[in-house]
Structure formats: C-alpha cells, structure tokens
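In this text the structure is predicted, and so the values were computed from the model without any measurement. Order of the sequence lines sets the chain letters (A, B, ...), proteins ahead of strands, with each chain counted from 1.
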Amino acid sequence: MSDTNFASRWLSARRRIIEHEFASLNPEQRRAVMATEGPLLLLAGAGSGKTTVIINRIANLIRFGRASDTEETPGSATEEELAFLERYAELFSPEDREEARRLCALDPADPWRIMAITFTNKAADELKTRLAKMLGEAANDIWAATFHSVCVRILRKDVDRLGVFTSSFTIYDTADCQSLIKRILKDLDLDEKKFPPRSILSVISGAKDERVGAQEFLDSAGADPWRKSIGRVYMEYSRRMIEANAMDFDDLILHTVELLEQNEEVRAFYQRKFRYLLVDEYQDTNMLQYRFVSLLAGERQNICVVGDDDQGIYKFRGATIENILSFEKQFKNCRVIRLEQNYRSTEMILNASNAVISNNTERKGKELWTKNGRGEKLTLYEAANENDEAQYVASKILAGFSQGGNWSDYAILYRMNAQSNQLEHALKRNGVPYRVYGGMKFYDRAEVKDMMAYLCVVNNPEDDLRLRRIVNNPPRGIGDKTVENAAQVAAEEGLSLFTVMDRAKEFPALQKSAAKLAVFTEMIRDLRAEVPNRNLDDLYDLVVTRSGYLSALEQKDTQEDRTKAENVKELKTNIIEFIKSHNGIGNLAEFLDEMALYTDLDEMEGEDQGVTMMTMHSAKGLEFPSVFIVGAEEGIFPGLRSIGDPEAIEEERRLCYVAMTRAKQKLTITMAKQRMLFGQTRSNSVSRFVKEIPEECLERVSAGRSYFGGTENRSYGDQRSESRYRSYAEERRAAYGGSRAEEPVKKHTVTPPKAPSAPAKLDYRKGDSVEHKAFGRGVISSMSPMGGDFLVEIIFDKVGTKRLMLKSAAQYMKKV
DNA sequence: ATCATAACGCTTTTT
DNA sequence: GCGTTATGAT
C-alpha cells in the first residue's frame, strides 16, 4: 500500500518538476515535449513555435530520458530522495536543480542516439545552433541534418555492401543529371523537344519514389511508345550512373533504403543506434523518405514527425501529403497533438488565412488563433497594370520606411520568378534597397561549376560527366570530335573515359590527339598525386593555375571575364571557410559532398538589410512584419496550369496559406487588371483566393490616377539617391564586376508626367528649413514627385538625413 | 573554335 | 519580352 503511495507521490513530484523545466511553453507544446515514447504526430500550424518544441523535446530526452512519459519509478528510490524532490517541487531552489534533475532522469538519452532530420541545410543549422545554446557541448553529438546528408553519411560507410557503388561515389546535382539525360537522348537518337530532359527526370524520380527500377519500368511500358522511350533512357541513365559511380539526389535516399532493407547488420546497427527520431516538415516527405524513416524507427517506433498538412506545397516534386494524413495508420498507437496557437500574426491575418484554407477538402483540420490582437485589415490593391502594381508596392514600402521602418521589415512574394522584373525596376526607381532570392546562384555560375568539375575529376577521374566539362576548358585543342571518339572507344572497351584518354596512343582512333590528351591526363594525375600532400586551399590554388583556367580568363580580360576570375577566387573563400568549420582539416571528398548538398539559400540571413523578394515557395518558414503578395490573379495565382484540376488548386491554396501566414502585422495583396506577361497583354480577374477572404478582413484600394506612373518626371539623371540607396542586387553585381551593373535603369515608355492630382505642394520647397515633431530641425535637401506625393529628403540636425513622403510628414512638420 | 543569328517556350524547386 | 540554345558561317 505504502509502495503505491510512494510511487504515485514520486511520479507526481517528478511530473511537476519536469513541467516546471518547460514552464515557458504553452500546454500543448509542453505535452509534445513530454510525449517522448512511441510515435507522435505533431500538427504544428504556421508560427506555432514548432522549432521551440523540437529543441525542448530534445533537451527533455537528454535530461530526463523517458521520465516524462512513463509511470515507472526507479527501483532504488529512497524516502529521503522523495522528500527532497517534493521539497524541490515546491520551492524550485536553483541550487538543488542539478540534483533534482538527476533524480528525475530515467534513462537519459545520449545525444548521439538522437536524430533530427530536416529538409534544408538552413533548418539543420538553425536547429544545431539553438540546440548548442540550450545544451552546450552535448549538442554537437546530435545528428541534426538533412535527409540527404544523413544518407550520404550512411552510404559512405557501407554502400560497398550493395556491390554496385564504391564509397567514393560522387553526387550529381540537377544540372549534372540534365546534361547526362541530354547526352543519352543524343546517343539514343531521341528528340529533346519530344522528350524534355526535365520531364524525363521527373518521371524517373517518380519511378524511384515508387521503387520501380529501370528494367521494371521498361517492362511495364507495354505498347506505349512514349513510356518505352523513357524506359530506354532510364535504363541507360541508371547504367551510366553506376558506371560513373554517381548518384543523384533521389539515389541517395533510394540506395540507403536498399542498403537498410537488404543488409541485416547495417539495419540493426542504425536501429539500435537511434533511440529517438525526429522529422521536421513531414508534409514534404515522399514515399521513399517515409520508407527510410520507418526503417530507422524499427521496432521501437520512437518517432516524432512534425508538420502541417496545410503547408504542403511540394507535391510537384513528389512529396505526398498522404504521409502526414496517414501517419496514424502507418504507426499504430500514435498520438496526435495540434499546435494551434499562433505567435506570429494578427487576428486579422489569421482569420483571413483560416478562411482561405478552409476551402480545401483534403486536410486534417486546424484553426489558428492568437493573443496578438486584432491588427490592421488586409489591403487589396487593384492596380491598373503591372507597372502600377509595382509602383504601389514600392511607394508603400518607401512610405513605411520614411516613418521609421526598416527595409528588411518588408517582403514581396510572387508566384513565379518572372514576376520580379517590374518590381525590381520600381524599387530601383524609388531607391529602395532589395535582394532577390532564387535567381542565378553563385554555385550555378559556369565558372564556379567548372572549377568544381576540376575538383570532382581530381577526386574521381572516372567522373565522365565532369571530365567532359573540363577537358577542353580552357581550350586545349581537344574538340568534340576527339571526345566522341574517345567515348566510343570507352564504350567498346568497357573503360572509363579518363582511362581511354590516358592511354590514347594505344587506340588508332585517337592517334592524332594522343599528345594533347596525354598533357591533359598527366595534369590530372599530377594534381591527384598532390591530394594527400596539400591542404585543400593549396590544392585548389594548384588546380586553378595548372589547369590554365585563370590565366585563360586573364588573357581575354573583358569585363565579363574579370567577373569570372573574381568568382574563381571567391570559391577559395568558401574552401577556406569549409576548412575552418572542419577544425582546420580540409578533405577533398568531404568538401565535394558538402557542396553537392549545399544551396545558396543557406546564406540568406546576411548583415545586409533590404526588402526581400522571393517566390512564395521560398518564403516558407520565414516571417516578416509586412508582406506583399503580388499578382493575385486567376491564371497567375492560381497558375494557369492548375485551373481545372481540383488537386492542383488545393496545392495552390496551400501555397496561398503559406504566403499569407508569413505576415506578422500587415498583409497587402495586389492584382493588376491588365498585365503584360510573356510579351502579351492579358486581363485577368481577381484570384479566387482573394474572394475567399471575408469582406470584413479586407480594405479595397483601387488604382487611382495617383499611382499611375506618377514618378515619371523624375529625371534619370538624378543619380544621387539611386546610388546612395543602391540595391543589394546591384551592389552584388557591382562587387562581382558584373556587366549588368552598368546597365542603366531601363527607360520605360508610357505615361507622360501627369504631375497628377497636383499634391498642392503644401508650400514646401528645396532649401526650406523645417521643424519636425519627431526629428527636430532640418533642411529639405531634395524633393521629387512620387506617386501623387513628393518624396522629400531632409537633413536633420540631430538625426541625420531622412526620406519622407511629404503628405504624411507634413502633418508633423512646419516651416520655420 | 568562336561568333552571330534565329527559333523557341516559358510554374513553383528545400536536396 | 527575354534569356537560353541550336545551328551555321568564318
């Protein structure tokens, strides 16, 4: 009797103590943190503190093990200890905390037995940083990484057990895969127009997701000629990937799954190793990833997945929201916790977002609420055309800035990258600094890829694809003809391209170019020989000089080539950073791995501040005080392709939900009654998603004449403000010496200066002294008409130069 | 091998 | 409307 009494007292004290550790969380969050055992589905709405929960959950596992989720008490517990705990549970005296934690803990988890999987490097890094802050040293041993990097790690260790690849396999990025497909199409004599490489890759990717191999795919093609051809390409693709000892992104997961399935020993090792599994953004996983995760979860099934079915926007890439919808079926006895309190947005924004998403049928159901207060209504601006739309956005941002806001408070989100152009022009015209994300990335630049290709070949000469890229770059007199001949020989003899080139003089077809080839292969072999002797950065220098790549650029010496040379040098900075982050040791193969799985999105947060411009897709996971969603028109958003397809529309609607819930305080949606897109003017009706927003959340503004082209009479010669607030994109280009930097702001025709609804000038002019309520005394240094108002630049005595919109500033200011 | 011209064809894209 | 790419001429 007293035993059960003892136990229940112990449990209750322990419970109170652990709860106290996580007192800063709301009840649902705390429940999620404490439900450590067995499968858990965490439906975390936008802005519900999801990452906080993940961090705290891991902290709980490490500090208390399963203590928060079991009725079990330690057999060795004594009355004195119980008394101590009960006292601590009342007083929570800090000096007793360590001891209390020790007594409460039950099987605390070793950090290296916890795996947290994310989709992006950025998310993984954020996780690691926040874990380190909370847990210190111990955080380093937690496997917090992306699906792909986890798989690479597993494969590097054990792929050879599959008997197909060796552990020095290379990773092909999307561009690599595309050029491989193009080669194959050429060799199979298929028309690229009829078989676009992108779609082929997506079909192959889909097949891999369903675990249909090339042969099986071909067999199942039946009489369908298109599928038959694709099947042949798939066959060849797989064959060449194996031959090159290369894997694409899907293969990384696929082959890990195969390895785990086929190899008892490997599977047992990882199942035993990982006691707790955490998967973020579960709504974006595909079937393969589900398979991978469930293999790791093993019998123990300590798997917690976090996601939001309303935010699944990557179906087109193979993600199945199905995974989240059927999690409860896949993992028996699963618990479900919903996080519906939103800490990000105002009620107004949330009500509007909830209303929109409620039109979807395929969802778990969830309604966000907040204590943040009502907030401003959303603004819907109906622009006359795309120029007017852009000008409206720019002037609103400018107005906000002039009232003390930061540029970085603003984000402009659009459906497709092509929409960014007019917006960029408008921002530039108005001197608003901005950054466009998702354009040409550093690692996509030809010269950077070239240098990476050199490193790949040095690392692995069998890498035919990269070899082709560099063999005549810079020009070495090894033309296509020679390479084709060599490829032919390689195919006949079953040798790699490099080997054939290396032994060119043995083959009659290559006699003519044997000498040139020998120079090249010897260079590669020399470089290879240096790998063990040098630091990675030294090796890179050597590659840059020995390849002749840099000197070829320097010889041509056009502006463009100088930019390229800069980029080649810039890559070294990345190498040095890599070495730094790896305790001074730079291993070539590791470097290539990291780069293969790296995107520039990762370096997003910079000290730079400016307005953020990106697609709605890339905005997922981010937040901004003020968000503009532009192009809210049928045919653009939802996109033309999705109209008429209910499932696609639902995905677009989720995208709309994601975009709307990025906003913390103010959400503005714009549409244009007429728009020029792809060289044609169309008039679209307002997006159905806008119609789904309750009228009481909306404030409608239409294109008055005032926004229509009102900036035009500002001369382009007025470079001062343009250069002072030069946009970051420009700055970047300028830094790279890019040719686009000199490009003048494009003169767009249209609209003569209406000097419109003449803003009554309010009796101010350049040179006037003013007294401002907030900023004090100052002198107007410039005035330019803008959007039916004037943008004035005032040099204040105390606070420096401010740019203000005259109409609004006038209320706080008088002439002196 | 490199340049010029024409023709095309266009979502979204964590890895 | 624009940027990419294929093709042909030097």
Side-chain angles (χ1 to χ4, degrees), chain A residues 117-125 145-152 171-179 182 186 191-193 196-198 201-202 205 247-253 280-281 283-286 288-289 311-319 386 413-422 437-441 443-444 446 472-482 556 593-602 604 614-622 631 635-643 648 651-652 654-656 658-659 675-681 740 746 748:
Chain A
I117 308 179
T118 63
F119 268 82
T120 62
N121 295 307
K122 188 170 162 262
D125 285 344
T146 64
F147 271 102
H148 298 268
S149 61
V150 165
C151 288
V152 169
I171 303 165
Y172 279 6
D173 67 19
T174 327
D176 295 328
C177 297
Q178 266 192 42
S179 47
K182 282 184 186 167
K186 228 172 237 157
D191 185 8
E192 247 185 62
K193 300 280 147 58
R198 294 166 127 266
L201 278 170
S202 111
S205 171
M247 296 192 200
D248 63 26
F249 290 138
D250 294 320
D251 290 336
L252 293 175
I253 319 257
D280 196 10
E281 306 283 14
Q283 76 282 352
D284 292 334
T285 50
N286 61 24
L288 258 182
Q289 285 156 342
Q311 292 191 68
I313 54 174
Y314 284 105
K315 191 177 165 200
F316 71 94
R317 286 188 90 250
E386 77 279 2
L413 308 182
Y414 34 81
R415 178 67 241 268
M416 50 190 172
N417 288 117
Q419 286 172 264
S420 73
N421 262 308
Q422 297 91 330
Y437 293 93
M440 180 59 121
K441 294 166 189 163
Y443 288 94
D444 289 339
N472 197 34
N473 185 1
R476 299 189 174 90
I478 303 171
D480 285 349
K481 198 83 199 137
T482 309
K556 283 203 278 178
D593 267 0
E594 196 149 303
M595 287 301 134
L597 302 176
Y598 175 97
T599 53
D600 299 65
L601 206 66
D602 305 347
M604 197 154 99
M614 54 169 62
T615 62
M616 301 179 198
H617 280 91
S618 353
K620 194 166 82 165
L622 304 176
I636 292 183
F637 186 42
L640 202 55
R641 282 202 167 53
S642 45
I643 289 175
E651 173 130 330
E652 295 277 302
R654 289 192 292 272
L655 184 58
C656 184
V658 168
R675 173 184 304 274
M676 173 121 86
L677 196 63
F678 302 135
Q680 272 190 317
T681 306
R740 282 156 92 190
K746 204 179 152 200
H748 50 277

Euclidean distance, atom CG of residue A/Leu201 to atom P of B/dT15 [Å, nearest integer]: 18 Å
Residue closer to the 5' end of DNA chain B, A/Thr174 versus A/Ile313 (nearest nucleotide): A/Ile313
Length of the CG-P vector between A/Leu640 and B/dT11, whole Å: 11 Å
Nucleotide of B/dT11, B/dA1, B/dT15 approaching A/Asn472 most closely (side-chain heavy atoms): B/dA1
OP1 or OP2 of B/dT14 under 4.0 Å from side-chain N/O of A/Asn121: no
Side chain of A/Asp284 (C-beta onward), nearest among C/dG1, B/dT14, B/dT11: B/dT14
Stacking of A/Phe316 on B/dT12 base (centres under 5.5 Å, planes under 30°): yes
Donor-acceptor pair, side chain of A/Asn472 and main chain of A/Ile478, under 3.5 angstrom: yes
Atom C1', compared across C/dA6 and B/dT11: separation rounded to whole Å: 25 Å
Base B/dT12 to side chain A/Arg415, donor-acceptor N/O within 3.5 Å cut-off: yes
Minimum-distance nucleotide to A/Phe119 side chain [options: B/dT14, B/dT2, B/dT15]: B/dT14
Touch class at under 4.0 angstrom, heavy-atom based, for A/Gly479 against every strand present: sugar-phosphate
Rounded distance (Å) that lies between atom C1' of B/dT12 and atom CD of A/Gln311: 16 Å
Ring geometry between A/His617 and A/Tyr314 (parallel below 30°, tilted from 30 to 60°, perpendicular above 60°): tilted
Base B/dT11 to side chain A/Arg198, donor-acceptor N/O within 3.5 Å cut-off: no
Sugar-phosphate only, base, or nothing, as touched by A/Met616 at under 4.0 Å among non-hydrogen atoms: nothing
Sugar-phosphate only, base, or nothing, as touched by A/Gln289 at under 4.0 Å among non-hydrogen atoms: nothing
Spacing of A/Lys620 atom NZ relative to B/dT14 atom P, expressed in whole Å: 11 Å
B/dT12 base / A/Arg317 side chain donor-acceptor hit below 3.5 Å: no
Nearest-Å distance for atom pair NZ/P, residues A/Lys186 and C/dT7: 8 Å
Pair A/Asp250-A/Ser205, side chain to side chain donor-acceptor pair (under 3.5 Å): steps then yes or no: CA-CA 7 Å; A/Asp250 294 320; A/Ser205 171; 2.9 Å; yes
Nearest-nucleotide pick for A/Phe678, side chain only, options being B/dC10, B/dT14, B/dT15: B/dC10
Distance below 4.0 Å between A/Ser149 side-chain N/O and B/dT15 OP1 or OP2: no
Heavy-atom closest contact (A/Lys182 atom, A/Pro197 atom, distance): CG-CG, 3.9 Å
Short side-chain N/O contact from A/Asn417 to OP1 or OP2 of B/dT13, under 4.0 Å: yes
Separation of C/dC2 P from A/Gln680 CD (nearest whole Å): 15 Å
Ionic contact status for A/Arg317 with A/Asp284, cut-off 4.0 Å: no
Toward the 5' end of DNA chain B, by each residue's nearest nucleotide, A/Glu652 or A/Ile478: A/Ile478
Syn/anti state for B/dT11 [syn: chi within 90° of 0]: syn
Sugar-phosphate, base or nothing in reach of A/Phe147, heavy atoms under 4.0 Å: nothing
Proximity to the side chain of A/Lys182 - top-ranked nucleotide from C/dT5, C/dG1, B/dT12: C/dT5
Whole-Å distance separating the CE atom of A/Met416 from the C1' atom of C/dC2: 14 Å
Close side-chain approach of A/Gln419 and A/Ile636, heavy atoms under 4.5 Å: yes
Sugar-phosphate, base or nothing in reach of A/Glu651, heavy atoms under 4.0 Å: nothing
Any A/Thr615 side-chain nitrogen or oxygen under 4.0 Å from OP1 or OP2 of B/dT13: yes
Length of the line joining A/His617:NE2 and B/dT15:C1', which is rounded to integer Å: 15 Å
Shortest non-hydrogen contact between A/Thr615 and A/Leu413, atoms and distance: O-CD2, 4.4 Å
Of the listed nucleotides B/dT2, B/dA1, B/dT13, the one nearest the side chain of A/Pro475: B/dT2
Side chain of A/Tyr314 - closest among C/dG1, B/dT12, B/dT13: B/dT13
